[in-house]
Engineer: 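One structure, as structure tokens, below. Some questions next.
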Protein chains: 2
Amino acid sequence: MRASERAYAALLDEIQRGILPPGTVLGEVEQSQRLGVSRTPMREAMRRLTADGLIAQQSPRVTVVTDFDADDIRKLFVTRRALEETAARIAATQPDRDVFGVLARSFEQTVADDEGAIDAYYALIAEFDAAVDVAVDNAYLTQGLRAIRTHLTRARRLARDNSARLQMSVAEHNLIARAIADGDAELAAHATHVHLHNALTSILESIREGSQ
Amino acid sequence: MRASERAYAALLDEIQRGILPPGTVLGEVEQSQRLGVSRTPMREAMRRLTADGLIAQQSPRVTVVTDFDADDIRKLFVTRRALEETAARIAATQPDRDVFGVLARSFEQTVADDEGAIDAYYALIAEFDAAVDVAVDNAYLTQGLRAIRTHLTRARRLARDNSARLQMSVAEHNLIARAIADGDAELAAHATHVHLHNALTSILESIREGSQ
DNA sequence: ACTCACCCCAATGTATACACAAAACAGGGA
DNA sequence: TCCCTGTTTTGTGTATACATTGGGGTGAGT
């Protein structure tokens with residue numbers, strides 16, 4: 001693996017996990033020494049993170065981890081809704097819908113095991129997202145969704161999901177996947193809308209609780 | 001201006017204008033010598049263009065200008081519709097709508113001078129886009145729109161606009177701006193949808209004619 | 001004549017030295 | 001004591017040298 005890529009992956013992970021909290025100053029020399037690469041690949045990694053919006057140049061000399069609060073999450077979900085509703089509609093309209101039938105069945109089975117299945121759940125979501133990316137067959141849309149997901153990971157961390165919400169989320173995804181499999185574009189879009197509304201509500205509530 | 005930025009701007013412009021057509025191989029050394037910068041800033045510029053989707057690493061050793069055909073334009077407009085309808089809705093919902101009233105009047109006046117006003121027209125569009133960016137106050141949405149506009153410039157070049165279409169486009173923008181100014185979110189969204197439909201149709205037709 | 005292996009070359013990836021600029025600090029004057 | 005100015009320091013921007021890897025070409029062997 002290339003050094004620039006290692007540096008990018010490492011910083012991305014640390015920002016998403018909150019190990020590098022918002023406002024943290026990232027010096028090129030400091031970070032490159034810490035991660036054992038030279039400045040060149042570190043610069044490349046930091047430019048990528050800047051493009052992603054995870055870090056920003058506060059002034060010509062100081063780069064910091066960008067802020068990410070409840071208001072950002074609301075704005076993120078506005079954009080997410082626009083892209084995912086469109087994606088769901090397209091996925092339901094195109095012919096290769098069999099995968100979503102399989103995914104729907106997977107979601108049904110996931111309902112069974114309720115405890116400690118968080119990782120399995122997120123893995124299934126990732127699989128679903130990947131299937132959507134293939135189905136929409138649209139680099140521009142996929143690119144936008146990828147950006148959203150990058151930030152979404154930060155949001156997920158701020159809000160520890162409770163098991164009840166997870167159960168609901170699985171059921172919602174099941175509905176979306178089934179709607180796509182059935183070729184019902186309207187239902188797929190509306191189910192996506194509802195899912196995102198519930199997810200946002202749950203996240204914001206979880207954050208409000210956490211900050212008390 | 002920094003060297004990396006000059007290189008980025010130069011390559012971006014050349015790709016958008018078609019001076020560097022799709023498939024053109026871009027070697028780091030070759031391009032850096034041509035533009036009078038060293039490899040380091042040229043690499044940075046090329047990485048940015050890669051993130052933008054304007055160039056791509058075909059293999060580990062060869063980077064080329066990405067392809068951009070009618071099908072790409074269709075996919076671009078699907079994504080554009082999702083983002084711009086959302087943006088229009090938000091702009092119409094928020095309080096600072098006065099600018100759009102001013103813009104609407106500008107569009108009305110632009111209808112008058114029909115010949116050679118292409119540059120003025122595009123300048124006005126850019127002003128409108130900037131106003132939307134401010135109005136939505138959403139970095140994620142703005143970021144997505146920015147990416148779309150980058151590619152849109154390539155589409156515009158493929159399709160030479162005719163004066164009749166320009167007249168219609170101005171009228172459509174006028175309606176959108178007025179709808180936003182009036183706080184009519186639904187009309188703003190639907191007018192945007194119609195505008196994008198017409199714009200796409202016109203572009204695809206223009207390309208079909210050109211390839212004959 | 002065709003194929004496979006080895007070598008060479010060319011292009012990218014990385015490290016580092018130098019240039020430049022901005023911010024912090026210290027010193028002196030008001 | 002505060003402010004202004006000059007200097008020092010520190011960090012980014014750029015150039016270049018070195019490392020590494022992948023591809024192509026040439027040679028020999030079958």
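Per chain, numbering begins at 1; letters A, B, ... match sequence-line order.
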Engineer: Whole angstrom is fine here: how far is it from CZ in R43(A) over to P in dA15(C)?
Structural biologist: 15 Å
Engineer: Please report, rounded to the nearest Å, how far the C1' atom of dT12(C) is from the CD1 atom of I55(B).
Structural biologist: 13 Å
Engineer: With a 4.0 Å cut-off on heavy atoms, is S4(B) in touch with a base, just the backbone sugar-phosphate, or nothing at all?
Structural biologist: sugar-phosphate
Engineer: Mark yes when over 12 heavy atoms from residues, nucleotides or ligands other than R160(B) sit less than 6.0 Å from its CZ; otherwise mark no.
Structural biologist: no
Engineer: Among dG13(D), dA15(D), dT21(D), which is the nearest nucleotide to the side chain of E28(A)?
Structural biologist: dG13(D)
Engineer: So which one's nearest nucleotide on DNA chain C is more toward 5', P41(A) or L26(B)?
Structural biologist: L26(B)
Engineer: Kindly indicate whether the side chain of R61(A) and the base of dA22(C) share any N or O donor-acceptor pair separated by less than 3.5 Å?
Structural biologist: yes
Engineer: Tell me the interatomic distance from R39(B), atom CZ, to dA15(D), atom P, rounded to whole angstroms.
Structural biologist: 12 Å
Engineer: Consider the side chain of Q57(B), meaning its heavy atoms from C-beta on, and name the nucleotide among dG13(D), dA15(C), dG13(C) that approaches it most closely.
Structural biologist: dG13(C)
Engineer: Does the side chain of E172(B) come under 3.5 Å of the side chain of N198(B) through a donor N or O and an acceptor N or O?
Structural biologist: yes
Engineer: Is there a donor N/O on one and an acceptor N/O on the other, under 3.5 Å, for the side chain of R2(A) and the base of dT14(C)?
Structural biologist: no
Engineer: Of V62(A) and T40(A), whose closest DNA chain D nucleotide lies nearer the 5' terminus?
Structural biologist: V62(A)
Engineer: Could you give the CD-to-P distance, from E44(A) to dG13(D), as a whole number of Å?
Structural biologist: 14 Å
Engineer: Can you see if the side chain of S38(B) gets near the phosphate of dA15(D) - specifically, an N or O under 4.0 Å from OP1 or OP2?
Structural biologist: yes
Engineer: Could you give the CD-to-C1' distance, from E5(A) to dT14(C), as a whole number of Å?
Structural biologist: 14 Å
Engineer: Determine the sole option in R61(B), R47(B), R39(B) for which the salt bridge (charged side-chain N to carboxylate O under 4.0 Å, His left out) test with E28(B) is passed.
Structural biologist: R39(B)
Engineer: Report the residue (V37(B) or P60(A)) whose heavy-atom-nearest nucleotide on DNA chain D is the more 5′ of the two.
Structural biologist: P60(A)
Engineer: Using whole Å, what does the distance between atom P of nucleotide dT12(C) and atom CD of Q33(B) come to?
Structural biologist: 12 Å
Engineer: For R146(B) and Q143(B), test the side chains for any donor-to-acceptor distance below 3.5 angstrom and give the result as yes or no.
Structural biologist: no
Engineer: Measure the distance from CE on M42(B) to P on dT12(C) and round it to the nearest whole Å.
Structural biologist: 11 Å
Engineer: Please identify which of these residues, R154(B), H151(B), Q58(B), meets the side-chain hydrogen bond (donor to acceptor under 3.5 Å, both in side chains) condition with T66(B).
Structural biologist: R154(B)
Engineer: Hey, does the side-chain of T63(B) have a donor or acceptor N/O within less than 3.5 Å of a partner on the base of dT12(C)?
Structural biologist: no
Engineer: Quickly work out the E30(B) CD to dT12(C) C1' distance and round it to whole Å.
Structural biologist: 14 Å
